[in-house]
Amino acid sequence: MSITEIMNHSVISVRPDRTLRQVKEILRIKRISGLPVVDSSRKLIGIVSIEDIIKALEGGYIDDTVENRMTKDVVSIESTATLKEVIEFFEKWSYGRFPVVDGEKRLVGIVTKNDVMMALLAKLGLVYLHDERRREVLDSPEYFARSLLTGERLDKSGADFYFSIDYFDINLAGVGASKLRQFLLSKGVDEKTARRVSIATYEAETNVVIHSGSTGAIYCFIKPESIFVRVEDTGKGIEDVELAMREGYSTAPDYVRELGFGAGMGLANMKRCSDNMIVMSKVGAGVVVEMEFLRGREAKG
Amino acid sequence: MKISEIAQRLGLEICCGNCEQEVFHGCSGDLLSEVMSHAKPSSIWVTVQSHVNIVAVAAISGIRAIVLCNDHKYPQETIVKAEHEGICLLKTNKSAFEIAGLLYSIGIKP
């Protein structure tokens with residue numbers, strides 16, 4: 001993973017002829033704790049942090065220019081660096097942020113510890129096949145070991161596809177469903193079926209992230225006649241499944257709705273896309289959704 | 001119709017993606033579930049949502065281009081993800097209503 005994937009591209013910087021008082025205002029308004037200083041060609045020439053501002057207030061030189069008071073030998077990272085190198089930088093230096101520069105020392109971004117953490121979390125969400133954890137999850141004796149649709153014992157370790165929904169960031173929702181779509185297409189499943197499966201799985205995955213308050217998993221079995229998907233979580237569960245199935249009924253929080261989720265259509269959408277669907281839930285014990293998609297059919301109206 | 005032709009005729013700004021792809025249908029909406037349930041494959045989507053998840057919705061639904069209206073801006077992570085998924089991102093200062101009307105008038109089907 002390269003640094004350009006984790007860094008913040010829209011970095012706020014300041015010119016050297018500004019005053020520390022102006023910097024203080026930028027830090028306050030933008031709610032950040034440091035600013036790289038650049039010259040007219042965007043070359044990095046220094047950095048000012050909130051510590052410098054505190055010292056300036058104490059020392060009575062808050063109206064001095066940035067140029068006179070900035071840290072000049074600023075530690076920066078080249079934009080060709082890898083995530084591993086970034087982590088080493090944070091270990092080596094105790095700074096909270098590093099400006100990222102191109103080959104000509106021009107500022108192209110900034111990276112904080114939080115950016116690194118978010119990148120690692122995103123990466124974890126993408127680990128979906130053939131790792132140690134897969135076996136652990138799949139082999140543990142579980143509360144839900146039987147298929148709801150067929151009543152058969154479900155051999156989850158024999159799943160053709162497995163994805164662990166182990167993130168809580170709503171922005172990542174759909175990673176598993178996207179992976180599943182690519183996986184189905186690579187296995188020669190027709191485009192229309194793959195689309196239905198991935199839309200329904202997307203909704204189920206999003207529900208786990210928004211509502212369960214826990215992690216979850218997606219299992220998919222490819223059969224000659226159909227695709228079988230099971231999405232489960234161990235979260236707080238649904239109190240009234242029938243009510244939850246009703247189109248337009250939603251318990252999503254406002255911040256989620258602002259992003260266009262939580263319209264109360266998820267379960268209804270899943271039912272429409274699949275040919276058979278069962279939702280099982282017990283309050284406090286999580287939710288299991290099983291869906292069957294007959295291959296080569298159009299979605300229902 | 002090619003996305004590049006639509007962009008040119010409607011004066012849309014191209015932010016990223018392959019504009020030589022063809023789209024035949026249009027859809028509009030800001031509720032992701034609604035869009036996923038109604039969008040046809042090879043569609044252009046008119047919306048005011050710009051957060052990164054619209055890319056997953058587009059990729060899953062077979063939407064090839066997104067038009068962001070009312071002069072909203074795409075966050076950098078949305079652009080990075082769209083480039084990765086091959087989704088074309090367009091933007092405009094016009095409203096969703098106006099863009100939908102213009103798309104319809106040049107022959108994009110519902």
Side-chain angles (χ1 to χ4, degrees), chain A residues 2 4-11 109 115 118-119 122 169-182 191-192 194-203 205-207 209 247-248 250 252 255-273 299-301, chain B residues 15-17 21-25 27-43 45-64 66-70 72-87 89 91 96 110:
Chain A
S2 93
T4 50
E5 288 175 65
I6 36 178
M7 71 181 188
N8 189 346
H9 292 260
S10 45
V11 50
D115 295 327
M118 292 309 287
D169 182 356
I170 184 65
N171 282 319
L172 292 175
V175 180
S178 301
K179 289 270 169 199
L180 177 56
R181 179 173 173 271
Q182 285 161 17
E191 190 124 22
K192 276 178 184 155
R195 183 165 178 272
R196 286 199 290 138
V197 174
S198 51
I199 289 176
T201 307
Y202 176 98
E203 295 283 14
E205 184 183 1
T206 309
N207 279 348
V209 179
E247 206 160 322
S250 174
Y255 79 94
V256 165
R257 291 183 197 226
E258 273 167 25
L259 297 173
F261 297 97
M265 292 182 57
L267 285 168
N269 235 359
M270 283 147 65
K271 193 158 175 57
R272 194 183 56 83
C273 285
K300 290 176 277 186
Chain B
C15 300
C16 75
Q21 305 176 84
E22 298 250 14
V23 292
F24 306 102
H25 303 281
C27 67
S28 71
D30 307 315
L31 290 175
L32 307 185
S33 291
E34 184 86 18
V35 170
M36 279 195 298
S37 71
H38 290 101
K40 294 176 179 150
S42 306
S43 287
W45 171 21
V46 184
T47 187
V48 292
Q49 294 287 4
S50 62
H51 61 94
V52 64
N53 219 276
I54 60 173
V55 179
V57 169
I60 285 170
S61 321
I63 290 168
R64 290 182 176 162
I66 301 173
V67 187
L68 183 62
C69 300
N70 294 348
H72 286 286
K73 312 267 185 297
Y74 291 107
Q76 187 62 30
E77 53 180 346
T78 304
I79 295 175
V80 171
K81 186 90 190 289
E83 272 172 351
H84 180 73
E85 293 281 351
I87 308 288
L89 295 185
K91 66 188 282 301

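Labels below follow one simple rule: chain letters A, B, ... track the order of the sequence lines, proteins then strands, and each chain is numbered from 1. A quick note: this is a predicted structure, and the numbers were derived from the prediction, not measured.
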*Decide side-chain hydrogen bond (donor to acceptor under 3.5 Å, both in side chains) for A:Ser10 and B:Gln76; before the verdict, give the C-alpha distance in whole Å, the side-chain angles of both, and the deciding distance to 0.1 Å.*
CA-CA 8 Å; A:Ser10 45; B:Gln76 187 62 30; over 6 Å; no
_Test item: B:Pro41 and A:Glu191 side chains (from C-beta on) under 4.5 Å apart, heavy atoms_ = no
_Interchain contact, A:Ile170 with chain B, by part (heavy-atom threshold 4.5 Å)_ = backbone
*How long is the gap from CE on B:Met36 to CZ on A:Arg272, to the nearest 0.5 Å?*
9.5 Å
*Who among A:Glu258, A:Arg195, A:Arg257 has the most heavy-atom pairs with chain B under 4.5 Å?*
A:Arg195
*Nearest 0.5 Å please: distance from the CG atom of B:Leu32 over to the CD atom of A:Glu203.*
8.5 Å
*Work out which heavy atom in B:Asn53 is nearest to a heavy atom in A:Leu172; give both atom names and the distance.*
ND2-C, 4.2 Å
*Side chain, backbone, both or neither: which part of B:Glu34 has a non-hydrogen atom closer than 4.5 Å to chain A?*
both
_Student check: side-chain heavy atoms of B:Leu31 and A:Phe261 closer than 4.5 Å_ = no
*Side chains of A:Asn171 and B:His51: closer than 4.5 Å at any heavy-atom pair?*
yes
*Would you mind reporting whether B:Ser37 and A:Ile199 have side-chain heavy atoms less than 4.5 Å apart?*
no
*Between B:Gly29, B:Ala56, B:Ser33, which has the largest tally of heavy atom pairs under 4.5 Å with chain A?*
B:Ser33
*Residue, of B:Pro75, B:Ser61, B:Gly62, that accumulates the most heavy atom pairs under 4.5 Å with chain A*: B:Ser61
_Residue B:His84 excluded, over 12 heavy atoms near NE2 under 6.0 Å_ = no
*Measure the spacing between NE2 of B:His38 and CE of A:Met265 and express it to the nearest 0.5 Å.*
6.0 Å
*Calculate, to the nearest 0.5 Å, the distance between atoms CD1 and CG belonging to B:Ile54 and A:Leu259 respectively.*
11.0 Å
